**Q** 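Below is the structure I would like to discuss, written out as structure tokens.
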Amino acid sequence: MKVVLPDNSKLELPDGASGLDAARAIGPKLAEQAVLMRVDGRVQDLRLPLHDGEPIQILTTRDKSDPDALAVLRHSSAHLLAEAVTQLYPGVKLAIGPPIENGFYYDFDFPEPIREEDLEKIQAEIERELAEGREWVRQEISRDEARKLFSSDPYKLELVDTAEGDISIYKQGGFTDLCRGPHLQNSKSIKALKLTGLAGAYWRGDSENPQLTRIYGTAFYSREDLDAYLERLELARGRDHRRLGPQLDLFHMSEYSPGSALWTAKGMAIYNALEDLRRRENAKRGYVEVKTPLMWDVELWKRSGHWEKYGENLFRIEHGESLYGLKPMNCPGHMLLFNTQLRSYRDLPIRYAEAAVLHRDEPTGSLQGLTRARQFSQDDAHVFCTEDQIQEEIDAMFDYVDYLYDTFGVRELAHAELATRPDNKLGTDEQWDHTEGVLRRALERIGLRHRVAEGEGAFYGPKIDFFMDDALGRPWQMGTIQLDGQQPERLGCTYMGSDNREHTPYVIHRALYGSLERFIGILLEHYGGDLPFWLAPVQVRVLPVGEAHLAAAQDLAHRLGAIYRADVAEPTDTIGKRIRAAELEKIPFTVVYGDRESDESLAVRERGGEQSTVSLAELLARLEPLLPSDV
RNA sequence: GCCGGAGUAGCUCAGCUGGUAGAGCACCUGAUUUGUAAUCAGGCGGCCGUCGGUUCGAGUCCGACCUCCGGCUCCA
């Protein structure tokens with residue numbers, strides 16, 4: 001048989017030859033360094049047989065940044081971890097140990113709980129294995145043999161019983177694991193392996209199941225790569241909005257109100273910049289601003305359907321005989337407002353916007369600064385419309401998203417998820433083809449990365465969720481666009497159609513920033529605190545060189561202050577110290593004002609250190625385009 | 001909520017095996033009057049997260065709770 005190499009040349013091999021055989025046929029060095037192969041683009045263990053005509057690519061230890069090559073290295077590392085743990089903790093039960101984004105983990109059921117300090121011992125045992133060297137041997141066995149082999153491992157047994165296809169095992173040293181592979185040939189390629197943490201994790205990700213102990217680690221083809229990774233992590237920690245917020249005095253947290261930020265005047269400058277933009281753009285795009293109560297009798301939540309599904313997350317307030325809940329969302333309020341008049345099809349669409357304070361009683365363990373808060377506001381809106389108007393409304397929302405992502409410079413952080421028709425869908429396939437098509441085309445039109453979550457839409461309509469990654473690459477749900485045919489019905493929303501009959505309107509729920517708090521958190525991490533000029537809490541700081549220049553500096557700041565957020569740092573410290581302070585506060589522009597300065601000649605310093613001498617008019621001309629464009 | 005880790009001055013952190021708390025920055029005062037990332041000197045500042053226990057004695061040991069951090073679950 002013949003296989004096709006990446007340069008399109010053909011390699012003659014005996015029938016049944018494996019990837020390793022192919023590598024040997026090409027050269028002994030390649031065979032030695034080979035870690036994995038791709039057959040027709042799909043990863044495959046080197047030990048598995050090839051077939052005539054298959055295009056193959058052999059990955060080696062030199063492909064040290066290839067995600068697949070790293071995954072196989074880390075998968076094998078997970079097996080070394082499992083071997084070490086079974087050595088050190090007899091009686092431990094093994095669950096699963098896959099490679100993940102930046103490393104690997106293995107889930108164990110320990111007879112006695114282990115602690116973080118135990119990791120050192122385990123790490124040492126792994127080092128010993130690495131020094132000794134390990135080879136992986138693959139073997140295919142029958143289901144019955146597998147059951148026998150793993151008879152004392154309940155989790156493995158469950159995996160055997162639910163596995164699809166043939167059962168394979170991998171052996172290394174004295175350790176055997178049920179595993180689909182692929183794996184390295186041997187442990188020589190693992191040049192750096194580090195256990196990074198310990199956590200609880202539920203078996204099969206279900207909180208009804210027993211909790212296992214998960215050990216996290218990472219591994220690389222070189223020591224330098226590990227060091228670089230750890231350094232990147234450290235840098236990311238410096239961008240953490242929970243660190244930057246208090247450091248830059250934007251917001252603070254108090255244990256007296258977990259999950260709710262205390263915003264300072266500087267933080268509010270950012271918050272209000274978002275609010276101002278939201279109001280201006282909403283007005284331009286035909287939204288009307290409304291305001292509905294924060295607190296509602298729980299009867300409303302029962303009627304809207306939220307009580308049953310999300311009642312646990314509702315903050316409750318007893319009031320005499322009745323029970324109130326702080327609103328976790330604006331929808332029912334907007335629907336009640338809609339119902340206050342008899343609506344005609346001529347009134348539609350009606351676009352209600354409200355960025356009210358919302359409360360959700362999130363579990364303590366899940367709170368995370370501004371990104372996962374108990375109190376927050378969404379740039380929420382509900383568009384009441386007819387079926388015919390859906391497409392146009394959604395298109396307009398996507399234009400809006402497009403504008404926001406450009407304005408905030410976060411386009412490359414964003415990606416979307418389109419949730420499509422579930423099994424219990426309402427309506428015909430043609431209708432779903434239509435609505436899903438509307439959303440998909442809109443996504444493509446604005447060129448947003450997206451994936452499709454098949455079957456995860458609500459039964460009454462598809463939805464789009466917008467995500468952004470934080471400094472550590474963790475994705476957060478930001479905005480959402482959801483078509484709702486259920487709540488308007490439950491809350492009795494109707495309008496008179498041209499046919500003189502009552503109809504239930506569609507409601508499109510939409511938040512584009514998502515939570516303002518979360519959005520600001522992500523912005524801070526994205527910019528590492530160096531916010532764009534128009535968002536910076538202090539945009540220009542004037543530094544009088546000495547006492548004699550204070551009045552002139554104040555006058556300048558006052559004039560700049562008519563348009564921008566400007567202040568003066570009084571000469572109580574040396575100029576050097578005040579410049580340093582301005583840099584640490586990440587102020588975009590500082591103007592040093594002394595004997596040499598006048599309106600005709602200002603000493604302007606940009607964040608980072610670049611200096612120039614310009615007139616006031618030139619400075620203003622330079623700042624003006626830094627404000628968001630008014631499309 | 002669950003597993004693991006942590007909580008000392010406004011901030012960043014030190015405080016060995018139990019003997020009664022320390023530095024730098026910030027802040028205040030004084031001197032200095034300053035030209036692009038820290039002038040010098042002095043001073044103020046601690047319910048050592050909270051409650052309980054062990055002990056002659058607890059920041060240190062034990063327990064519970066609160067909060068934070070890394071995960072898991074959840075996230076309308």
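All values reported here derive from a predicted model rather than from experimental measurement. Letters go in sequence order (proteins before strands), and every chain restarts at 1.
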**Q** When the distance from CD of A/Glu112 to P of B/C3 is rounded to whole Å, what number comes out?
**A** 15 Å
**Q** What's the gap between B/G46 and B/G22 when it is taken at their P atoms, as a whole Å value?
**A**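 Roughly 13 Å separates the two P atoms.
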**Q** Looking across every strand, which nucleic acid part, if any, lies under 4.0 Å from A/Arg214 by heavy atom: base, sugar-phosphate, or nothing?
**A**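 The residue A/Arg214 makes sugar-phosphate contact but no base contact.
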**Q** Please measure how far the C1' atom in B/G42 lies from the corresponding atom in B/G7, and state the result in whole Å.
**A**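 After rounding to an integer number of Å, I get 32 Å for this pair.
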**Q** Tell me the partner of B/C40, counting only Watson-Crick (N1-N3 plus N6-O4 or O6-N4) or G-U wobble (N1-O2 and O6-N3) with both under 3.5 Å; none if nothing fits.
**A**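 Across all strands, the one nucleotide that pairs with B/C40 is B/G30.
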**Q** Can you confirm whether the side chains of A/Arg490 and A/Thr504 place a donor and an acceptor under 3.5 Å from each other?
**A** no
**Q** Across all strands, who's sitting opposite B/G57 as a Watson-Crick or G-U wobble pair, both distances under 3.5 Å?
**A**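 Across any shown strand, B/G57 pairs with none.
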**Q** When you compare the side chains of A/Thr420 and A/Glu456, does any donor N or O come within less than 3.5 Å of an acceptor on the partner?
**A**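 Result is no, nothing qualifies.
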**Q** Is A/Thr213 touching bases, backbone alone, or none of the nucleic acid, heavy atoms closer than 4.0 Å?
**A**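 Touches nothing.
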**Q** Please state whether the rings of A/His79 and A/Tyr106 are parallel, tilted or perpendicular, taking 30° and 60° as the class boundaries.
**A**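 Taking A/Tyr106 first and then A/His79, their aromatic rings stand perpendicular (interplane angle over 60°).
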**Q** Considering every strand and a 4.0 Å limit on heavy-atom distances, what is the contact class for A/Pro571: base, sugar-phosphate, or nothing?
**A**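 Base contact - A/Pro571 has a heavy atom under 4.0 Å of at least one base atom.
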**Q** Does a distance-only test, which skips hydrogens and angles, find a donor-acceptor pair under 3.5 Å between the side chain of A/Tyr593 and the base of B/G35?
**A**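 No, the side chain and the base share no sub-3.5 Å donor-acceptor pair.
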**Q** Is there a Watson-Crick or G-U wobble partner for B/A64 with both distances under 3.5 Å, and which nucleotide is it?
**A**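 Pair assignment: B/A64 / B/U50.
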**Q** Describe the nucleic acid contact of A/Gly197 in one word from base, sugar-phosphate, nothing, applying a heavy-atom distance below 4.0 Å.
**A** nothing
**Q** Categorize A/Leu198 for me: base, sugar-phosphate, or nothing, with a 4.0 angstrom heavy-atom threshold over every strand shown.
**A**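 Result for A/Leu198 = base.
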**Q** Is it true that A/Arg510 and A/Asp379 make a salt bridge, defined as a side-chain N closer than 4.0 Å to a carboxylate O?
**A**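 The answer is yes: the pair qualifies as a salt bridge.
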**Q** For the side chain of A/Arg580, starting at C-beta, report the closest nucleotide among B/C66, B/A38, B/G1.
**A**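 It is B/A38.
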**Q** Using whole Å, report how far CZ of A/Arg237 lies from C1' of B/A6.
**A** 14 Å
**Q** Between B/A76, B/C69, B/G35, which nucleotide has the shortest distance from any of its atoms to the side chain of A/Ala603?
**A**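 Of the candidates, B/G35 comes closest.
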**Q** Taking the C1' atom of each, how far is B/G24 from B/U8, in whole Å?
**A** 15 Å
**Q** Can you tell me which nucleotide in B/C72, B/G5, B/C66 comes closest to the side chain of A/Tyr202?
**A**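 Nucleotide nearest to A/Tyr202's side chain: B/C72.
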**Q** Under 4.0 Å: is that the gap between some side-chain N or O of A/Thr574 and OP1 or OP2 of B/U39?
**A**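 For B/U39, OP1 or OP2 has a side-chain N or O of A/Thr574 closer than 4.0 Å.
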**Q** Find the partner of B/G4: check Watson-Crick (N1-N3 plus N6-O4 or O6-N4) and G-U wobble (N1-O2, O6-N3) distances, both under 3.5 Å, and reply none if neither fits.
**A** B/C69
**Q** Side chain to side chain contact (heavy atoms under 4.5 Å, CB included) between A/Lys194 and A/Leu119: does it pass, once the steps are laid out?
**A** CA-CA 10 Å; A/Lys194 184 176 166 61; A/Leu119 290 185; over 6 Å; no
**Q** If you look at every strand shown and take non-hydrogen atoms under 4.0 Å, does A/Leu367 touch a base, only sugar-phosphate, or nothing?
**A** sugar-phosphate
**Q** For A/Ala199, which contact category applies under a 4.0 Å heavy-atom criterion: base, sugar-phosphate, or nothing?
**A** base
**Q** Name the closest nucleotide to the A/Lys577 side chain, picking from B/A38, B/A76, B/C69.
**A** B/A38
**Q** If each of A/Ala581 and A/Met329 is mapped to the nucleotide of RNA chain B with the nearest heavy atom, which maps nearer the 5' terminus, i.e. the 5' end?
**A** A/Ala581
**Q** Look at the side chain of A/Thr364 and decide which nucleotide, out of B/U67, B/C72, B/G35, has an atom nearest to it.
**A**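 From the listed options, B/U67 comes nearest.
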**Q** Go through the side-chain N and O atoms of A/Tyr155 and A/Asp109 and say whether any donor and acceptor fall under 3.5 Å apart.
**A**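 Side chains of A/Tyr155 and A/Asp109: pair found under 3.5 Å.
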**Q** Under 4.0 Å, heavy atoms only, any strand: does A/Ile114 hit a base, just the sugar-phosphate, or nothing?
**A** sugar-phosphate
**Q** Check whether the side chain of A/Glu597 and the base of B/G35 form a donor-acceptor pair under 3.5 Å.
**A**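 Check passes, donor-acceptor contact within cut-off.
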**Q** Tell me whether the OP1 or OP2 atom of B/G70 has a side-chain N or O from A/Arg474 closer than 4.0 Å.
**A**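 It does, given that an N or O in the side chain of A/Arg474 lies less than 4.0 Å from OP1 or OP2 of B/G70.
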**Q** Under 4.0 angstrom, heavy atoms only, what part of the nucleic acid is A/Glu583 near: base, sugar-phosphate, or nothing?
**A** base
**Q** What's the gap between B/U34 and B/A21 when it is taken at their C1' atoms, as a whole Å value?
**A**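 Pairwise C1' distance, B/U34 against B/A21, rounds to 38 Å.
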**Q** Look at the aromatic rings of A/His382 and A/His334 and report parallel, tilted or perpendicular, splitting at 30° and 60°.
**A**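 Perpendicular: the ring planes of A/His382 and A/His334 meet at over 60°.
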**Q** Which residue lies toward the 5' end of RNA chain B, A/Arg115 or A/Pro328, if each is placed at its nearest nucleotide?
**A** A/Arg115
**Q** Would you mind classifying the nucleic acid contact of A/Gly305 as base, sugar-phosphate or nothing, using non-hydrogen atoms under 4.0 angstrom?
**A**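 It contacts nothing in the nucleic acid.
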**Q** How far, in whole Å, is B/G70 from B/U17 if one measures between their P atoms?
**A**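 Rounded to whole Å, the distance is 28 Å.
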**Q** Which whole-number value in Å describes the distance from A/His382 NE2 to B/A76 P?
**A**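 Atom NE2 in A/His382 sits about 13 Å away from atom P in B/A76.
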**Q** Please report, rounded to the nearest Å, how far the P atom of B/U50 is from the OH atom of A/Tyr256.
**A** 9 Å
**Q** Does this structure show an ion pair linking A/Lys266 with A/Glu585, if we count only N-O contacts that are shorter than 4.0 Å?
**A**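 Looking at A/Glu585 together with A/Lys266, the answer is yes, because their closest N to O distance falls below 4.0 Å.
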**Q** Distance check needed: B/G35 P versus A/Asp595 CG, whole Å only.
**A** 11 Å
**Q** If I pick the C1' atom on B/G71 and the same atom on B/C13, what distance separates them, to the nearest angstrom?
**A**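 Each nucleotide's C1' atom is 26 Å from the other's.
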**Q** Looking for any heavy atom pair under 4.0 Å, which part of the strands does A/Gln477 touch: base, sugar-phosphate only, or nothing?
**A** sugar-phosphate
**Q** Measuring only the P atom in each nucleotide, how far is B/C47 from B/G4? A whole number of Å is fine.
**A** 31 Å
**Q** Are side-chain N/O atoms of A/Gln482 and A/Thr480 paired as donor and acceptor at under 3.5 Å?
**A** yes
**Q** How close or far is atom P of B/C75 from atom CZ of A/Arg374, stated in whole angstroms?
**A** 16 Å
**Q** When you measure only distances, ignoring hydrogens and angles, does the side chain of A/Arg372 come within 3.5 Å of the base of B/C74 through a donor and an acceptor?
**A**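 Pair found.
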**Q** Using the C1' atom in both, what is the distance from B/A37 to B/C75, to the nearest Å?
**A**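 Approximately 42 Å lies between the C1' atom of B/A37 and that of B/C75.
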**Q** Is there a donor-acceptor contact under 3.5 Å linking the side chains of A/Asn313 and A/Asp361?
**A**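 Distance-only check fails for A/Asn313 and A/Asp361.
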**Q** Name the nucleic acid region contacted by A/Pro258, choosing base, sugar-phosphate or nothing; use a 4.0 angstrom heavy-atom cut-off, strictly under.
**A**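 Sugar-phosphate contact only - A/Pro258 comes under 4.0 Å of backbone atoms but never of a base.
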**Q** Could you tell me how far apart A/His334 (NE2) and B/A76 (P) are, to the nearest whole angstrom?
**A**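 The answer, rounded to whole Å, is 18 Å.
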**Q** Measure the distance from NE2 on A/His252 to P on B/C68 and round it to the nearest whole Å.
**A** 16 Å
**Q** Would you mind pulling out the nucleotide paired to B/U20, Watson-Crick or G-U wobble, both distances under 3.5 Å?
**A** none
**Q** Nearest to the side chain of A/Arg518, heavy atoms from C-beta on, is which of B/U36, B/C75, B/A37?
**A**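 So the side chain of A/Arg518 is nearest to B/C75.
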**Q** Looking only at side-chain atoms of A/Ile579, point me to the closest of B/A37, B/C69, B/G5.
**A**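 That would be B/A37.
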